[in-house]
Every structure is written in structure tokens, then in C-alpha cells.
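Data block below; observations after.
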Protein chains: 2
Amino acid sequence: MIIMTRMHYTRDNMAGLLRGHDINPTHQRIEIAHALFSRQEHLSADQVMAIVNTRHSETSKATVYNTLKLFLEKGLVREVIVDPSKVFYDPNTSPHHHLYEVDSGKLSDIDATQVQISGLPPLPAGMVTEGIDLIVRVRRTD
Amino acid sequence: MIIMTRMHYTRDNMAGLLRGHDINPTHQRIEIAHALFSRQEHLSADQVMAIVNTRHSETSKATVYNTLKLFLEKGLVREVIVDPSKVFYDPNTSPHHHLYEVDSGKLSDIDATQVQISGLPPLPAGMVTEGIDLIVRVRRTD
DNA sequence: CATCAATCTGGACTTTGTCTAATTTCCGGA
DNA sequence: TCCGGAAATTAGACAAAGTCCAGATTGATG
């Protein structure tokens with residue numbers, strides 16, 4: 001596992017990041033990784049596509065979806081399911097939770113090191129935890 | 001608010017439940033409520049539609065979606081967002097969390113009274129919590 | 001019975017995501 | 001450098017969930 005701390009998210013460094021996660025760094029993959037990591041934001045597939053194709057159309061829809069799925073499998077990004085209509089991809093894979101502003105759709109991180117979850121019942125036999133998602137849904141007081 | 005404890009979820013009782021939540025009890029709404037409450041399960045919109053229309057086609061897709069949204073607004077059911085491809089509706093509105101079996105898509109409840117969540121940071125100003133969703137994603141050990 | 005508001009309906013439409021077959025790119029070896 | 005094959009990308013057809021709308025139905029009230 002490669003951890004990049006306080007580093008510029010240049011396209012060159014993206015290539016290294018991808019290699020470190022066993023991903024063949026192609027043009028398209030580098031662009032997609034760059035979109036996610038340089039922003040450090042939660043992006044949906046169509047947002048990624050829009051960013052990557054701003055200048056000239058470069059990357060197809062199929063590739064964006066394939067690549068995000070690949071990144072997910074390789075542990076490079078996390079999937080965040082908060083909005084019924086689209087999946088977000090999160091370049092932050094360290095343990096954290098999410099704050100979701102229902103009206104605006106804005107999604108932000110909550111550091112997990114401060115948060116304690118206790119009293120969860122034992123898992124059914126033959127099951128392992130794949131992850132615990134904690135989502136705080138908030139709304140503007142109006 | 002009406003709480004129905006240890007009661008048969010007959011269609012007649014559904015009418016009362018709906019009225020208690022300020023919902024005009026029509027045929028279709030009673031059928032949909034009955035589908036959810038008699039099973040006490042998490043159902044997606046298309047599952048509800050399939051159940052309601054088993055005998056003869058009775059209720060349109062639009063009505064199923066409208067009705068579930070209405071139930072949600074009136075606090076009769078809860079929305080559970082765990083599967084990127086469909087929303088589940090949960091007739092259990094008492095505080096609880098969810099256990100989601102990733103492979104099978106099976107969703108079950110975790111009673112919230114045992115579970116403690118502490119150390120959450122204060123909310124941004126002008127925000128109120130609408131709900132906290134805790135989802136434990138599990139997978140079969142194979 | 002007539003009226004009016006509430007509800008329901010079919011079906012067209014949108015959006016997110018998947019699939020496939022054909023093409024392009026990349027890389028190692030002759 | 002050229003060749004061959006594997007990996008990656010592509011366009012576009014397709015699928016599924018959900019929305020929208022204009023017209024039809026229902027049901028309560030006078």
C-alpha cells in the first residue's frame with residue numbers, strides 16, 4: 001500500500017500511485033485518478049467524466065465506469081452510497097464517516113479516529129465485516 | 001403518532017394506521033401499506049409493485065412510487081439507501097441500524113438501543129440532524 | 001344527481017449504469 | 001524496425017429505476 005502525504009497530485013505521481021496499487025497506468029486512468037486526487041473530493045461517475053473531458057473529449061463513458069470499478073477493487077478509492085440516484089467515489093480511503101447535506105447534496109468527511117461505535121451485536125456465523133458506513137444526514141434550519 | 005404493537009396487519013387496520021398518519025386511505029394505499037407491514041421487511045419499489053399486483057394488475061408504477069414517497073413524508077416508513085441500484089423502504093421507523101449482506105442483498109435490522117455512537121463532531125452552524133444511518137456491510141467467508 | 005378535488009393511470013421520457021463487438025494501444029521478441 | 005497478441009478503449013445499443021404529465025376515475029358533499 002502506498003500512502004501519499006503532502007504531495008502534489010501531478011499526473012506523474014498518479015502513475016506511481018496507480019502502479020503501487022497494481023494498476024497499469026494508462027492515459028485515461030491517470031486522468032481519472034488526477035481528477036479525483038487533485039480535488040480530494042467526492043465525485044460521481046458523470047462528474048468525473050465531465051472533468052476528464054473538459055478540453056476535448058478523450059475518455060468514453062464505458063472507460064470511466066470500468067476505471068472507477070477497477071480503482072474500487074484495487075482499494076484506491078471508496079464507494080459512498082448516500083444519494084439514491086448516484087454513487088460517489090471517494091479518494092480518501094482512511095477510516096472516516098460522512099456528513100451529507102440532504103438539500104444541496106454536499107458530502108464531507110468526518111474523521112473516524114474521534115468517533116466510537118460500541119454495542120454492535122455479534123455478526124451472524126460465517127460473516128465478516130466488509131465495512132461500516134456511518135452517515136449523518138443534515139438539513140438547513142430554515 | 002400511532003404505534004401498533006402485536007397487532008394483526010389486516011387491511012382494515014391499515015386504514016386506521018394511514019388515517020393516524022394523515023393519509024387518506026385509498027385502496028391502493030392500503031394494499032401497499034399491507035405489503036410492507038404484514039411482511040415487516042425491507043422492500044424496494046418494484047418488489048412492492050410485484051406483491052401488490054400478484055393476482056390481477058391493480059396498481060400502476062406511478063402510484064407505487066407516489067405512495068411510497070407519501071408514506072416517507074408522513075413518517076410511516078423509512079428509506080434505506082444501501083444498494084446503489086435501488087432504494088428500500090422500511091416499515092420499521094423505530095431507531096435502528098442495518099446489516100447488509102453484500103452478496104445476497106439481504107438487509108436486516110440492528111436494534112439501536114444497544115448501540116452507542118460517541119465523539120461525533122458538532123454540526124456546522126445552521127444545520128440539524130435529520131438522521132444517522134449506520135450500515136454494517138458484511139460478506140460471507142468463503 | 002352534479003360538481004369538484006383528490007387520486008390513479010398508461011406511457012413517454014430521463015438518468016445511471018452495463019454490455020458487446022470492433023478498434024486501438026502497448027510491449028516483448030525476432 | 002516490424003509483428004503478434006494481450007490489454008485497454010470505444011461507440012452505441014441496451015436495461016432498469018425513477019419521474020412526469022395529461023387525461024380518466026373515484027368519492028365526498030350539497
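Naming: A, B, ... by sequence-line order, numbering from 1 per chain.
Just one residue in the list A:D90, A:L76, A:L68 forms a side chain to side chain contact (heavy atoms under 4.5 Å, CB included) with A:L36, and that residue is A:L68.
With rounding to whole Å, A:L68 atom CG is found 9 Å from C:dG17 atom P. When the C1' atom of D:dG18 is taken as reference, atom CE of B:M49 falls 10 Å away, rounded to whole Å. At whole-Å resolution of the value, NE2 in A:H27 and C1' in C:dC27 are 14 Å apart. One interatomic measurement links the two molecules: NZ of B:K69 to C1' of C:dT7, which rounds to 16 Å at whole-angstrom precision. Protein atom NZ of A:K86 is 21 Å distant from nucleotide atom P of D:dA16, rounded to whole Å. Rounded to whole Å, the distance from CG on B:L18 to P on C:dA6 is 18 Å. Per the geometry, OH belonging to A:Y65 stands 16 Å off C1' belonging to D:dT10, to the nearest Å. Nucleotide D:dT26 holds its P atom 18 Å from the CG atom of B:N66, rounded to whole Å.
For A:S60 and D:dT10, the shortest distance from a side-chain N or O to OP1 or OP2 is below 4.0 Å. Contact annotation: B:N24 reaches the phosphate of C:dT7 (side-chain N/O to OP1 or OP2, under 4.0 Å). Between B:S85 and D:dA16, a side-chain N or O to OP1/OP2 separation shorter than 4.0 Å is absent.
Looking at heavy atoms from C-beta onward, B:F88 lies out of side-chain contact with B:E79 at the 4.5 angstrom threshold.
Along DNA chain D, the nucleotide nearest A:Q28 and the nucleotide nearest B:Y89 are compared for position; the residue whose nucleotide lies closer to the 5' end is A:Q28.
A donor N or O paired with an acceptor N or O is found under 3.5 Å between the base of C:dG17 and the side-chain atoms of A:K61.
Using a 4.0 Å cut-off between charged nitrogen and carboxylate oxygen, B:R11 and B:E31 count as a salt-bridge pair. Classification of B:D103 and B:R139 as a salt-bridged pair fails, no side-chain N sitting under 4.0 Å from a carboxylate O.
Put simply, the side chain of A:H98 never gets that close to the backbone of A:I110: no donor and acceptor are under 3.5 Å apart.
Note on B:S44: nothing from the nucleic acid sits closer than 4.0 angstrom, heavy atoms only. Within the nucleic acid shown, A:T26 comes within 4.0 Å of sugar-phosphate atoms alone, with no base atom in reach, counting heavy atoms only.
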